[in-house]
Amino acid sequence: MIVVNLDVVMAKRKMGLTQLAEQVDITMSNLSILKNNKAKAIRFTTLEAICKALDCQPGDILEFVKEES
């Protein structure tokens, strides 16, 4: 499964949800869904804007974790 580590990257950059939402031009609710691993998909343009705002790489935000059977 894909795990979203957005909260970790935001904490490292000392950036809050409101500030990131404004910079990325995304609603707080959509950003919260992404941050809380509830999102089913993300547009590359949104991912690019998040990476630009947080000065990070997509791999800093997204992580593949094997599910145990």
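Numbers for residues simply follow the sequence, beginning at 1. A quick note: this is a predicted structure, and the numbers were derived from the prediction, not measured.
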Contact summary for [X] and [Y], nearest pair of heavy atoms:
{"X": "E63", "Y": "N5", "result": "OE1-ND2, 2.9 Å"}
{"X": "P58", "Y": "C51", "result": "N-SG, 3.5 Å"}
{"X": "Q23", "Y": "A53", "result": "OE1-CB, 3.3 Å"}

With clusters defined by side-chain heavy atoms of hydrophobic residues (ILVMFWY) lying less than 4.5 Å apart, directly or transitively, does V3 cluster with V9?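 Different clusters: V9 never reaches V3 through Ile, Leu, Val, Met, Phe, Trp or Tyr contacts under 4.5 Å.
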Say whether V65 and V8 are linked into one hydrophobic cluster, either directly or through other cluster members, by side-chain heavy-atom distances under 4.5 angstrom.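 No, it is not one cluster - the side chains of V65 and V8 are not joined through contacts under 4.5 Å.
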How many angstroms lie between [atom1] in [X] and [atom2] in [Y], if you round to the nearest 0.5 Å?
{"X": "L34", "Y": "I61", "atom1": "CG", "atom2": "CD1", "answer": "8.0 Å"}
{"X": "N30", "Y": "R43", "atom1": "CG", "atom2": "CZ", "answer": "9.5 Å"}
{"X": "I50", "Y": "I26", "atom1": "CD1", "atom2": "CD1", "answer": "5.5 Å"}
{"X": "N37", "Y": "M1", "atom1": "CG", "atom2": "CE", "answer": "7.0 Å"}
{"X": "E22", "Y": "L17", "atom1": "CD", "atom2": "CG", "answer": "10.5 Å"}

Verify the neighbour count for atom CD of E48: are there more than 12 heavy atoms of other residues, nucleotides or ligands below 6.0 Å?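 Counting other residues, nucleotides and ligands, CD of E48 stays at 12 neighbours or fewer.
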How about F64: does its CZ atom have over 12 heavy atoms from other parts shown lying under 6.0 Å from it?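 Counting other residues, nucleotides and ligands, CZ of F64 exceeds 12 neighbours.
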Would the distance check show the side chain of N36 and the main-chain N or O of I33 forming a donor-acceptor pair, the cut-off being under 3.5 Å?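 Not at all, since once roles are kept as given, no pair shorter than 3.5 Å links the two residues.
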Is there side-chain contact between [X] and [Y], with heavy atoms separated by less than 4.5 Å?
{"X": "C56", "Y": "R13", "answer": "yes"}
{"X": "M10", "Y": "Q19", "answer": "no"}
{"X": "V4", "Y": "L62", "answer": "yes"}
{"X": "L31", "Y": "L6", "answer": "yes"}

